[in-house]
Amino acid sequence: MNQKQNDSALEERVPVGYNVHTGAEVQAMLEVMGLDSVEQLFADVPAELRLRRALSLPPALSEWELMRDVRAMADMNATVLSHSSFLGCGAYEHYIPAVVDAIVSRGEFLTAYTPYQPEMSQGLLQALFEFQLLVGRLLGRECVNCSVYDGATALAESCWMMCAASGLRRVVVAQALWPQYREVLDTYLLPRAVELEHVAQDPETGLVDGAAIGGLLAQGNVAGVVLQSPNALGVIEDVAAIAQVCAQNDTLLTVSVNPLLCGWLEAPGQLGADIVACEAQPLGLALSAGGPYAGIIACAKPLERYLPGRLVGRVHDLHGKLGYALVKEDREQHVARDRATSHICSNQALNAIRVAVHLSCLGERNFMRIAQLNAANALQLRARLTALPGVELLRSGVHFNEFALRLPLDAAVFRARMRARGLFAGVPVDPRIVGHGRGLLVAVTETKSPADLDAYARHARACLQGA
């Protein structure tokens with residue numbers, strides 16, 4: 001079919017809806033490409049697969065009509081603006097100071113492109129360098145990458161770092177990881193012939209079984225150990241004790257941590273973890289229906305060469321002038337595929353800058369105060385809920401801003417009843433860990449007032465009674 005010959009009206013065609021090109025403009029573009037018709041653009045698509053009619057779409061809307069309809073559909077969503085949220089398990093409702101958006105929205109930062117030319121990107125590079133310094137101090141390790149996709153990929157990449165550094169392909173993993181993190185670990189590591197051995201938690205405290213880890217390490221051939229703290233039961237792991245076991249067996253330790261916990265207790269890096277991974281969402285990133293977020297990896301200096309992503313360094317030019325540059329970026333575009341540290345090919349630079357701005361604006365004292373408020377609010381709500389008939393603490397270990405309950409009824413039923421009352425009650429605990437579906441992980445942040453905690457307890461009582 002020759003569109004130029006068969007569609008004589010092409011030159012007179014006018015823009016319709018969001019199709020902004022006139023017929024004359026279409027014809028001019030075809031001539032530049034040396035084509036006679038739009039049809040020729042799709043010559044590689046088999047004819048039987050092409051749609052030979054117009055799409056069955058309603059008439060185009062004006063801009064204001066479209067915005068009205070989109071807003072109406074958005075209002076149908078249940079969000080933390082319409083419901084009181086006690087959801088956690090990796091994504092939390094925290095207050096983000098308005099100054100964070102004001103600074104990060106500057107045009108200088110609104111590019112996701114890698115700063116290959118440092119002379120053109122000094123501001124971006126300096127911001128990322130300061131991100132590395134701030135996060136390294138927070139997590140207690142000296143080398144920090146300029147981010148990967150999210151907390152789950154950060155943990156998976158950390159496991160591969162341990163394998164690459166040790167030359168071994170066996171990793172001991174605490175069973176009480178968030179389910180989505182376990183899935184990503186499987187996806188990353190099993191095709192690479194990495195054997196994952198899961199260690200159960202103590203049925204009373206919720207802490208990982210340190211003796212079992214020691215027994216596995218004594219067998220040898222283990223690249224490293226993986227913990228999450230707080231874990232999927234809301235319990236803060238004894239990182240120092242496990243780090244000692246790992247050191248005695250010359251084995252690496254990776255800890256995936258809620259970064260806000262480091263404002264309340266010592267950072268995992270200070271307690272002996274060789275690698276600390278985290279999800280950056282609690283550090284100034286909006287919930288945004290699950291992303292985009294940013295994954296962070298901090299490690300000891302000897303492991304720096306295995307870090308995925310990029311490292312920004314403070315350097316001097318030939319004239320001794322201070323500047324910033326990418327000093328490491330061993331991803332697959334820059335080195336042979338088999339020598340790449342990672343196949344993650346983009347970072348989350350804008351979100352990393354948000355983290356740096358957020359931490360800088362809060363300062364150490366305010367950051368610690370917010371962490372303490374999270375812990376105190378969670379303790380208050382836990383006391384109110386465990387006072388209700390049939391509600392028990394699922395595990396006795398120390399918690400931070402999340403704690404797990406054992407309900408007298410199925411967690412899904414309870415959550416549905418609470419949602420009908422305008423509350424997101426929490427996230428069900430993985431039944432594979434506790435053996436039943438009555439576990440509920442409840443998260444509390446600084447955004448919750450005493451009235452919010454009272455309301456949760458009051459509605460929970462009614463929902464447990466079947467109302």
Side-chain angles (χ1 to χ4, degrees), residues 139-141 143 145 148 151-179 181-202 205-233 235-257 267-278 295 297-308 338 341-342 430 432-433:
L139 301 181
R141 291 272 48 147
C143 301
N145 71 340
V148 291
T153 54
L155 181 59
E157 292 283 357
S158 298
C159 288
W160 183 244
M161 286 175 63
M162 295 192 297
C163 292
S166 66
L168 303 173
R169 295 294 182 269
R170 185 167 166 239
V171 176
V172 174
V173 182
Q175 184 186 32
L177 293 185
W178 291 325
Y181 279 40
R182 291 174 63 180
E183 291 174 7
V184 173
L185 283 185
D186 290 345
T187 301
Y188 259 69
L189 300 176
L190 295 183
R192 292 175 169 179
V194 176
E195 180 185 358
L196 300 178
E197 292 203 31
H198 294 93
V199 177
Q201 311 301 117
D202 182 274
T205 66
L207 292 166
V208 69
D209 188 339
I213 289 179
L216 290 172
L217 299 188
Q219 299 173 14
N221 200 36
V222 175
V225 175
V226 173
L227 301 179
Q228 188 168 56
S229 186
N231 60 30
L233 298 165
V235 174
I236 299 171
E237 295 282 9
D238 189 347
V239 174
I242 302 302
Q244 185 176 11
V245 172
C246 291
Q248 291 170 350
N249 291 273
D250 195 24
T251 304
L252 297 170
L253 172 63
T254 289
V255 177
S256 175
V257 69
Q270 295 172 315
L271 296 173
D274 301 284
I275 304 174
V276 184
C278 75
I297 304 173
C299 70
K301 184 67 175 178
L303 297 172
E304 179 184 77
R305 59 175 293 201
Y306 303 104
L307 269 173
D338 60 337
T341 57
S342 169
D430 187 350
R432 293 174 295 180
I433 299 176

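Since the model is a prediction, treat every value here as computed from it, not as a measurement. Scope of the values below: all heavy atoms of this structure, side chains included, with no hydrogens, waters or symmetry mates.
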(request) Identify the two heavy atoms, one from Arg170 and one from Asn221, that lie closest to each other, and give their separation to 0.1 Å. (result) CB-O, 3.2 Å

(message) Just verifying a value: how many Å separate Arg182 CZ and Thr187 OG1, rounded to the nearest 0.5 Å?
(response) 12.5 Å

(request) Would you please test Leu303 and Leu252 for side chain to side chain contact (heavy atoms under 4.5 Å, CB included) and show each step? (result) CA-CA 10 Å; Leu303 297 172; Leu252 297 170; 4.2 Å; yes

(message) Donor-acceptor pair, distance only, cut-off 3.5 Å: does the side chain of Glu237 make one with the backbone of Asn231?
(response) no

(message) If you compare all heavy atoms of Leu196 against all heavy atoms of Asp186, which two are closest, and at what distance to 0.1 Å?
(response) CD1-OD1, 3.4 Å

(request) Compare every heavy atom of Ser166 with every heavy atom of Ala223, then report the nearest pair and how far apart it is. (result) CB-OG, 3.2 Å

(request) With rounding to the nearest 0.5 Å, note down the distance linking CG in Leu139 to CZ in Arg141. (result) 10.5 Å

(message) Could you measure the distance from the SG atom of Cys143 to the CD1 atom of Ile297? Nearest 0.5 Å is fine.
(response) 12.0 Å

(request) Grab the two heavy atoms, one from Ala277 and one from Ser158, that are nearest each other, plus how far apart they are. (result) CB-OG, 3.7 Å

(message) If you compare all heavy atoms of Ile433 against all heavy atoms of Ala176, which two are closest, and at what distance to 0.1 Å?
(response) CD1-CA, 3.8 Å

(request) First locate atom CD of Gln201, then atom CG of Asp209, and finally report the distance between them rounded to the nearest 0.5 Å. (result) 8.5 Å

(request) Report the distance from atom CD of Gln228 to atom OH of Tyr181, rounding to the nearest 0.5 Å. (result) 6.0 Å

(message) Testing the basics here: between Tyr188 and Ala156, what is the closest heavy-atom pair and its distance to 0.1 Å?
(response) CG-CB, 3.5 Å

(request) Could you walk me through whether Cys246 and Leu217 pass the side chain to side chain contact (heavy atoms under 4.5 Å, CB included) test, one step at a time? (result) CA-CA 8 Å; Cys246 291; Leu217 299 188; 4.2 Å; yes

(message) One pair to check against side chain to side chain contact (heavy atoms under 4.5 Å, CB included): Val194 and Cys159. What are the steps and the verdict?
(response) CA-CA 9 Å; Val194 176; Cys159 288; over 6 Å; no

(request) Check the pair Glu197 / Leu216 against side chain to side chain contact (heavy atoms under 4.5 Å, CB included), numbers first and verdict last. (result) CA-CA 9 Å; Glu197 292 203 31; Leu216 290 172; 3.3 Å; yes

(request) Indicate yes or no for a side-chain donor-acceptor contact from Arg169 to the backbone of Glu195 under 3.5 Å, with no hydrogens or angles considered. (result) no

(request) Rounded to the nearest 0.5 Å, what's the gap from CG on Leu155 to CG on Leu227? Could you check? (result) 10.0 Å

